**Student:** 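Dumping the structure here so I can ask a few things about it.
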Amino acid sequence: MYKYDEYDHAMVDARVAEFSDQVRRRLAGEITEDQFKPLRLMNGLYLQLHAYMLRVAVPYGTLDSRQMRMLAHIARKYDRDYGHFTTRQNIQYNWIKLEDAPAILQDLASVEMHAIQTSGNCIRNISSDQWAGAAADEITDPRPWAELLRQWSSFHPEFSYLPRKFKIAVIAANEDRAAMRLHDIGIQIVEKDGQHGAAFYVGGGMGRTPMIAPLIKDFVPLDDMLSYAEACLRVYNRYGRRDNIYKARIKILIHELGADEYRRQVEEEFVHVKSLGIDPPKAEFDRIAAQFAPPPLDASAPDAIDRSDPDFAVWVDQNVAEHKVSGHAIVNISLKPIGGIPGDASSAQIDLMADLAEKYSHDELRVTHAQNIVLPHVRKGDLYAVWQALDAAGLATPNLDLISDIIACPGLDYCSLANARSIPVAQKIATRFSDLGRQKELGELKLKISGCINACGHHHAGHIGILGVDRKGTENYQLSLGGSGAEDVSLGTITGPGFDEDGVVDAIERVTDKYLATRTEGERFVDTFRRVGMAPFKEAIYG
Amino acid sequence: MKLLTGNDLKTGFVTWWTGADWSLHIEDAADVGEAGEAILAAEEGARRVNAPYIINGEATADGPRPAHIKDRIRALGPTVRPDLTLKPADPAAGDWVI
Ligand code: HEM
Ligand code: SF4
């Protein structure tokens, strides 16, 4: 875990003091909302449907138990006893009072957390693989690079007013668990001739114009990574469309310029940037990397798992993943109980997960882009105890990557930009498919729901995606099929006319029935879709 | 009918113009007719409520209701957490929202 140094502390403390004063002046009526709004947004404070909403950054999704407990404390003391984990590995609170915001930010700062750059046209929280440092398939831990990018991008003066928001993900495995190519910059740490380097994919994104990031450079030596990122941003900052908010993201610039021309300009800029010496000296990088040293795991710990409790065995098969060190496992905690609200956790549940991390996972937790929580380093011998504790708290739903493990944005129940509600649709689908045998029969099926075209719920990247639209004042849902946010990245295709809330659940059932009748051995839903195309599914849905 | 709504400056809570003041309860909302813009201008100056705006409403037997679903959800609270709405004890509270 990265620990703040004196500069990090000073920066965050100064910001808390500054914002506290801004809140005071706003409450005293000394400044108008128009003056205050950009200031509160810089500190992660939105105004949503029912109250202020605070978005807290969880850098690359990594937390320790002390931080997790603070998240529970904030939910309990200042909110309504729960928080919402998001697809950007952050947490949002929906019922914040403006007058409490300074105290909350102070509490966060006391555990090295903040809400800076969680809004606005700046570089947002860097996201990463939730299994970083534990995954059996990674070539290295991507988080030191993510941390380096975090330090570089925090308060970066040149990139505080970009044409639009900017999202970066860093991974170091071929299996993409972070939707890397749907970010403005996706970096994959790769190996060539025994050396590690960074592959840069630039210009991906979701929203109203979804795009998959093209490969801009296949191997940037790691000593040049920051300079290369800086060059990518500079070209964007100079030429990105500030005149039209719908065309302001880097994906549009690259689409309009073409990847080759963008690359040429980046390379030209890079030559200049490199001379500025922004890449850290090796000693500084080593200092950062040392803080992500693997925990002391005992590789001789027993590998066998006692599977005599059948419910436990089902959970192990679905929610527990292989760890790079034998005798250990990665525990995925589903925040998707059948009929529950995807990504929500109560203060008590957050505290419990913190306790389990402290006791069984070397004090580490991760937030995933699928709105779940991970305990990355658990001894196999402790799995049963962990499962029992999770089960007692309603946190042991064995549905990872199944149809009920739904990503859903807050939608019209909370979000002021929404056209339709997302959560009730997720609840109805999960309830319709609640039978675990049926879910397992369907296998890996990633269902993602957004309440408007902004696509916070990743619907373009869903094997099955749902988009809420407003049809003459009533909620309507468009269905799309064949998207993926993983290494087989693709964008979904809309099936046809939309549905009402119950209609979309029925349509999904017809789609999954068609899949079961059509698939060949070993095919996931998305594989079958790719093989047979839209026509048979359309036929099944609309007759 | 026309209603005025906004979010309370201090708490962010949804509020409705009653003709003299702001209330958390949609039942208290007053039809502002053509006077909306003038009240908004005066209230912006008072700075108690954030970004107030005018919406269409309907008179019902139970009192005024916003015409659009978004403002109906604002009036009551999230449909997926009846326990957190303004009327957690009333199982029928949400019937007019959707
Ligand atoms: C409730 C308050 C929220 C507001 C006002 C909001 C606003 C937006 C907007 C305007 C966009 C489109 C940006 C663009 O296309 O340029 C967007 C995209 C996105 N948001 Fe949200 N969002 C909210 C909540 C969330 C939540 C809860 C999540 C996670 C579950 C999330 C994750 C994302 C993601 C992943 C994208 C798409 C990525 C991209 O286009 O780069 N947002 N959001
Ligand atoms: S997709 Fe739309 S409705 Fe959903 S959280 Fe984002 S902005 Fe709100």
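Predicted model only: the values in this text are computed from it and were never measured. A note on names: the letters A, B, ... follow the listed sequences, proteins ahead of strands, and every chain is numbered from 1.
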**Student:** Are there more than 12 heavy atoms of other residues, nucleotides or ligands under 6.0 Å from atom CZ of A:R471?
**Tutor:**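 Not buried by this count: 12 neighbours or fewer within 6.0 Å.
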**Student:** Heavy-atom cut-off 4.5 Å, strictly under: side chain, backbone, both or neither for A:L47 against chain B?
**Tutor:**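 The side chain, not the backbone.
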**Student:** Measure the shortest side-chain to side-chain distance between B:R81 and A:N94 over non-hydrogen atoms and say whether it is less than 4.5 angstrom.
**Tutor:**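 They are not in side-chain contact.
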**Student:** Starting at CD1 of B:I69, measure out to CG of A:D470 and round the result to the nearest 0.5 Å.
**Tutor:**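 B:I69 CD1 to A:D470 CG: 8.5 Å, rounded to 0.5 Å.
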**Student:** Taking all non-hydrogen atoms of both residues into account, name the closest pair between B:F13 and A:R80 and its distance.
**Tutor:**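 B:F13 and A:R80 have their closest heavy atoms at CZ-NH2, 3.5 Å.
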**Student:** Which members of residues 423-432 of chain A, sorted by number, sit under 4.5 angstrom from chain B on a heavy-atom basis?
**Tutor:**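 Only A:I423, A:P424, A:Q427 of residues 423-432 of chain A have a heavy atom under 4.5 Å from chain B.
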**Student:** With a 4.5 angstrom heavy-atom cut-off, could you sort out which part of A:A418 is near chain B: side chain, backbone, both or neither?
**Tutor:**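 Contact with chain B is through the backbone of A:A418 alone.
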**Student:** Name the region of A:D34, side chain, backbone, both or neither, that has any atom closer than 4.5 Å to a heavy atom of chain B.
**Tutor:**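 For A:D34, neither part sits under 4.5 Å from chain B.
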**Student:** At a heavy-atom separation under 4.5 Å, does A:R421 approach chain B through its side chain, its backbone, both, or neither?
**Tutor:**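 Just the side chain, heavy atoms under 4.5 Å.
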**Student:** Mind checking the OG-CZ spacing from A:S416 to B:R74? Nearest 0.5 Å is all I need.
**Tutor:**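 The CZ atom of B:R74 is 9.0 Å from OG of A:S416, to the nearest 0.5 Å.
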**Student:** Within the structure provided, determine whether B:L84 and A:Y82 are in side-chain contact (heavy-atom separation under 4.5 Å).
**Tutor:**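 Sidechains of A:Y82 and B:L84: in contact.
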**Student:** Given the options A:I96, A:L98, A:T474, which has more heavy-atom pairs under 4.5 Å with chain B than any of the others?
**Tutor:**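 Of the candidates given, the most pairs with chain B belong to A:L98.
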**Student:** Is there side-chain contact between B:T11 and A:E99, with at least one heavy-atom pair below 4.5 Å?
**Tutor:**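 A side-chain contact exists here, since the closest heavy-atom pair is under 4.5 Å.
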**Student:** Do you know the tightest heavy-atom contact between B:N7 and A:H50?
**Tutor:**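 B:N7 and A:H50 have their closest heavy atoms at ND2-C, 4.2 Å.
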**Student:** Identify which part of A:I341 has an atom lying under 4.5 Å from any heavy atom of chain B, answering side chain, backbone, both or neither.
**Tutor:**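 It is the side chain, since no backbone atom gets that close.
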**Student:** When you compare the side chain of A:L27 with that of B:L9, does any pair of heavy atoms fall below 4.5 Å?
**Tutor:**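 The answer is yes, as the side chains (C-beta and beyond) meet within the 4.5 Å cut-off.
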**Student:** Is chain B contacted by the side chain of A:E30, its backbone, both, or neither, given a heavy-atom distance below 4.5 Å?
**Tutor:**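 Backbone only.
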**Student:** With chain B as the partner, which of A:N419, A:D100, A:I31, A:V23 has the greatest number of non-hydrogen pairs under 4.5 Å?
**Tutor:**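 If we count pairs closer than 4.5 Å to chain B, A:I31 comes out on top.
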**Student:** Give the member of B:N50, B:I98, B:V14 that has the highest number of heavy-atom pairs under 4.5 Å with chain A.
**Tutor:**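 The candidate making the most pairs under 4.5 Å is B:N50.
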**Student:** Under the salt bridge (Lys or Arg N to Asp or Glu O under 4.0 Å) test, which residues partner A:R25, sequence neighbours left out?
**Tutor:**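 Testing A:R25 for salt bridge (Lys or Arg N to Asp or Glu O under 4.0 Å), a comparison that skips the adjacent residues, returns A:D21.
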**Student:** Is the closest side-chain heavy-atom distance between B:D8 and A:K97 below 4.5 Å?
**Tutor:**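 They are not in contact (no side-chain heavy atoms under 4.5 Å apart), so the answer is no.
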